[in-house]
Protein chains: 2
Amino acid sequence: MDYSRLAKVLSSNGFSLTQARKRVFGALVDQEGISMNELICELSGTVDRVSVYRNVTLFEKLGILQRISNGFKYKVELSDSFSSHHHHLSCSQCGQIINIKADQLEGAIKQLGKDHGFVISGHQVEIHGSCAQCALKGKEVG
Amino acid sequence: MDYSRLAKVLSSNGFSLTQARKRVFGALVDQEGISMNELICELSGTVDRVSVYRNVTLFEKLGILQRISNGFKYKVELSDSFSSHHHHLSCSQCGQIINIKADQLEGAIKQLGKDHGFVISGHQVEIHGSCAQCALKGKEVG
DNA sequence: TTTCTTGCAAACGTTTTGCAAGGTA
DNA sequence: TACCTTGCAAAACGTTTGCAAGAAA
């Protein structure tokens, strides 16, 4: 596991690269968004629940991770600088989250900011419905 | 206050139009999204906290209201059938939520669904940043 | 060594559940 | 009347805080 970029962001802000932080980071690499609870469970035995919360908060402040809305709960995932910018299609039947690119959407959002004199610092698009497979199943049953 | 549409949705699903439901609904009419806590406070003395939760859950299931993400908390507002479809620009400085129309965005979202064989049942766009006034203030200070 | 971090325990705010009393059709 | 809803009390979560012991620079 390569922690060099993580270490850089941390140290340049006066924080140190600790075991707990490596583990929290490691649990998020190559992973779609996961819930706080899943993250805590995955790290249980190695990192205390409280430290997970503290480091998630810190990582968010440093732009290392972001929280994504999932219904009225949230999940966390590495932010755009550590993965790549994308949006999510959440299937409400199988729970799957599909990552997608959406250039047209990005354009529309930027334009909205301009139209309203609003300086956009970030955005999130939450699209829910049925994925291709579940939509098919639904038809078979109905 | 006109409860006819509310009454219709409720009764056609086998639920009754009660005092508590009228009050919860009334607190949401002509109102931008408010937090659960604000809603509970506003109704305090007339509707118990527990009934507010129960009716918000029911209203959401019946499509009367929707929860909107606001950072990693959420707010509630009447859904599109009881108000009109729109999105939100949340100012992270003054906390203001600006309702906007965004036809181009709607188009881009529909297209995404098509591209991925995803049957969209709903969507939410969360755009955060600084509103025109706060952006100006920021410049003056900096 | 000095400062930053962690784990534990316990507080806190939010949301849910069980149950008897009250309201609705 | 018969069933649905409410309010209360209390449990169950998710998240945060205080503090002493342990790790990082």
Side-chain angles (χ1 to χ4, degrees), chain A residues 1 3-28 33-62 64-77, chain B residues 1 3-4 6-28 33-62 64-76:
Chain A
M1 180 84 58
Y3 300 110
S4 53
R5 288 194 52 216
L6 174 65
K8 197 172 155 189
V9 175
L10 284 170
S11 70
S12 68
N13 285 279
F15 298 98
S16 35
L17 180 63
T18 64
Q19 286 302 317
R21 285 175 188 156
K22 281 185 193 170
R23 288 183 176 128
V24 171
F25 182 82
L28 294 171
I34 63 175
S35 70
M36 216 52 189
N37 199 32
E38 289 167 329
L39 185 58
I40 287 166
C41 289
E42 190 167 323
L43 295 171
S44 121
T46 52
V47 184
D48 187 84
R49 163 203 306 271
V50 174
S51 296
V52 176
Y53 277 107
R54 285 197 269 232
N55 286 322
V56 161
T57 304
L58 176 68
F59 284 6
E60 190 182 24
K61 204 178 338 185
L62 297 181
I64 295 166
L65 68 70
Q66 60 189 338
R67 305 187 199 231
I68 55 180
S69 306
N70 183 234
F72 64 103
K73 307 282 185 193
Y74 68 88
K75 299 194 169 190
V76 294
E77 67 177 17
Chain B
M1 178 86 57
Y3 299 112
S4 54
L6 174 65
K8 196 173 157 190
V9 176
L10 285 170
S11 70
S12 68
N13 284 279
F15 298 98
S16 35
L17 179 63
T18 65
Q19 286 302 318
R21 284 174 189 157
K22 282 185 194 170
R23 288 185 177 127
V24 171
F25 182 82
L28 294 170
I34 63 175
S35 71
M36 217 50 189
N37 198 34
E38 289 166 330
L39 184 59
I40 287 166
C41 290
E42 190 166 324
L43 294 172
S44 121
T46 51
V47 185
D48 187 84
R49 164 201 307 270
V50 174
S51 296
V52 176
Y53 276 107
R54 285 197 269 231
N55 286 323
V56 162
T57 304
L58 176 67
F59 284 5
E60 190 183 25
K61 203 178 337 185
L62 297 181
I64 295 168
L65 68 70
Q66 60 190 337
R67 304 187 201 232
I68 56 180
S69 306
N70 183 234
F72 63 102
K73 305 284 183 190
Y74 68 89
K75 299 194 170 190
V76 294

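Order of the sequence lines fixes the chain letters, A, B, ..., with proteins taken first and strands second; residue numbering starts at 1 for each chain.
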Next on the checklist: Working note: Val76(A) + Ile68(A), criterion side chain to side chain contact (heavy atoms under 4.5 Å, CB included); need CA distance, chi angles, decisive distance, verdict.
Outcome noted: CA-CA 6 Å; Val76(A) 294; Ile68(A) 55 180; over 6 Å; no
Checklist entry - How far apart are the C-alpha atoms of Met1(B) and Tyr3(B), what are their side-chain angles, what is the distance that settles it, and do they pass the side chain to side chain contact (heavy atoms under 4.5 Å, CB included) test? => result CA-CA 6 Å; Met1(B) 178 86 57; Tyr3(B) 299 112; 3.2 Å; yes
Item to check | Test side chain to side chain contact (heavy atoms under 4.5 Å, CB included) applied to Val52(B) and Asp48(B), step by step | outcome: CA-CA 6 Å; Val52(B) 176; Asp48(B) 187 84; over 6 Å; no
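At the heavy-atom level, Thr46(A) lies under 4.0 Å from the strands shown only through sugar-phosphate atoms.
At whole-Å resolution of the value, NZ in Lys61(A) and C1' in dC4(C) are 14 Å apart. Rounded to a whole Å, the CZ atom of Arg54(A) is 11 Å from the P atom of dG18(D). The separation between Leu39(B) atom CG and dT14(C) atom P is 13 Å, rounded to whole Å. Lys22(B) has its NZ atom 12 Å from the P atom of dT6(D), to the nearest Å. For the pair Asn55(B) CG and dT16(C) C1', the computed distance is 14 Å after rounding to whole Å. When rounded to the nearest whole Å, the span between CZ of Arg23(A) and P of dT5(C) equals 16 Å.
Taking Thr57(B) as the reference, Arg67(B) meet the side chain to side chain contact (heavy atoms under 4.5 Å, CB included) condition, with sequence neighbours excluded. Scored by the side chain to side chain contact (heavy atoms under 4.5 Å, CB included) test, Lys8(A) finds no partners at all (sequence neighbours excluded).
Side-chain contact between Val9(A) and Ile64(A) is present, with heavy atoms from C-beta onward closer than 4.5 Å. Between Tyr53(A) and Ile40(A) the shortest side-chain heavy-atom distance falls below 4.5 Å.
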Item to check | Heavy-atom protein contacts under 4.0 Å, nucleotides 9-16 of chain D, coded B base, S sugar-phosphate only, - none | outcome: B----SBB
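Each end of the helix from dT1(C)-dA25(D) to dA25(C)-dT1(D) yields a helix axis from five base pairs, and these two axes differ in direction by 40° (to the nearest 10 degrees).
Judged by distance alone, the side chain of Ser51(B) and the main-chain N or O of Val47(B) form no donor-acceptor pair under 3.5 Å. Panel note: side chain Asn13(A), backbone Phe15(A); no donor-acceptor pair is recorded below 3.5 Å.
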Side chains of residues 17-27 of chain B: which donor-acceptor pairs under 3.5 Å do they make with residues two or more places apart or in other chains?
| from | atom 1 | to | atom 2 | distance (Å) |
| --- | --- | --- | --- | --- |
| Thr18(B) | OG1 | Arg21(B) | N | 3.2 |
| Arg21(B) | NE | Asn55(B) | OD1 | 2.9 |
| Arg21(B) | NH1 | Ser16(B) | O | 2.8 |

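Between Glu60(B) and Gln66(B), the side chains place no donor N or O within less than 3.5 Å of an acceptor N or O (distance only, hydrogens not considered).
In this structure, of dT17(D), dT6(D), dT24(C), it is dT24(C) that holds the atom nearest to the side chain of Gln19(B).
The stretch residues 10-18 of chain B touches DNA chain D through Phe15(B), Ser16(B), Thr18(B), each having a heavy atom under 4.0 angstrom from the strand.
Regarding contacts with the backbone of dT5(D), a side-chain N or O of Arg21(B) is found under 4.0 angstrom from either OP1 or OP2.
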